[in-house]
Amino acid sequence: MKKIGVAVLVSGGGTNLQAIIDAGKAGKLPSCELRAVISSRPDAYALERAAKAGIGSYTVSRKDCPSQEEFERRIAAVIDGAGAEIVVLAGFMCILSADFTRKYSGRIINVHPSLIPSFCGKGFYGLKVHEAALGYGVKVTGATVHFVNEIPDGGRIIMQKAVAVRKNDTPEILQKRVMKQAEWKILPASLELVCSELLEREEKENG
Ligand code: GAR
């Protein structure tokens, strides 16, 4: 049975990468095969998670590249070299150009820690998202998995899950709850959905 090769791009702790690894081990990703983890930072803990799981891991740092073009060329070389057809942004904190998102159109998915279209777009990442949600006073927040296009957090939504805000939440406490109750669930589920649909499409095209 063919599986879809997947590359995961990370920059930090990699708890979402871990959720994908764990879902795979639990047999919940029958259409996917993790082929590569690419980190934008050499010290990202996500790299250790990848090593422990026996997945090939690579660092491509923006500051080691003379241009954005070269940065993306190196990332694409790893993705394509690993035979990955789907790319997951799991806490990847670098901007990708329209050229890059076009090259992998319909094949890049991202997890964002709010209910898009709230608290998303340029400047909204990591803890800042939860600070903004608490600052606004929303009573419900959550996470979104969406396709990536040239508009930051603007691609078609695949899955969302709501999470209640509690009275004494800090951004850190809320971030943890959103991860646990939403991100770690909908990211692996969306990945399997996207890969299974791609498999089906490929099977149809190949007769
Ligand atoms: C996650 O909360 C993810 O949704 C967020 O960064 C965190 C990464 O955690 N991503 C963004 O804000 C992207 N706009 P992780 O490294 O433990 O998966």
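Start at 1 and go down the list; that is how both ligands and their atoms are numbered.
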Give me the nearest non-hydrogen protein atom to atom 11 (C) of ligand 1 as residue plus atom name, then the distance to 0.1 Å.
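Atom 11 (C) of ligand 1 sits closest to the protein heavy atom P113 CD, 3.7 Å.
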
Tell me, which protein residue and heavy-atom name are nearest atom 16 (O) of ligand 1, and how many Å apart are they?
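That would be G14 N, 2.8 Å.
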
Only heavy atoms of [X], strictly under 4.0 Å: list the atoms of ligand 1 that pass.
X    : answer
Y125 : 12 (O), 14 (N)
G126 : 11 (C), 12 (O)
H112 : 14 (N)
F124 : 14 (N)
G91  : 6 (O), 8 (C)
M179 : 1 (C), 2 (O), 9 (O), 17 (O)

With no hydrogens and no angle check, do the side chains of Q68 and S97 hold a donor and an acceptor under 3.5 Å apart?
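On atom types as modelled, these side chains do not qualify, holding no pair under 3.5 Å.
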
Contact (N/O only, under 3.5 Å) between E183 and ligand 1
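Yes, there is a polar N/O contact under 3.5 Å.
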
Please report whether ligand 1 has a polar contact with D153, defined as an N or O pair separated by less than 3.5 Å (distance criterion only).
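In this structure, D153 places no N or O atom under 3.5 Å from an N or O of ligand 1.
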
Are V8 and I75 joined in one hydrophobic group, where the rule is that I, L, V, M, F, W and Y side chains link up if heavy atoms are under 4.5 Å apart?
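Different hydrophobic clusters.
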
So L115 and V138, side chain to side chain contact (heavy atoms under 4.5 Å, CB included) or not? Walk me through it.
CA-CA 11 Å; L115 294 174; V138 294; over 6 Å; no

Which residue, K103, R73, R107, forms the salt bridge (charged side-chain N to carboxylate O under 4.0 Å, His left out) with D80?
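The salt bridge (charged side-chain N to carboxylate O under 4.0 Å, His left out) with D80 is passed solely by K103 among K103, R73, R107.
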
Quick one: does M93 get a heavy atom under 4.0 Å from ligand 1?
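Under 4.0 Å: yes for M93.
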
Quick one: sort the F71 and F92 rings into parallel, tilted or perpendicular, breaks at 30° and 60°.
parallel

Any salt bridge (charged side-chain N to carboxylate O under 4.0 Å, His left out) pairs touching residues 1-25, not counting sequence neighbours?
K2-E85, K2-E202

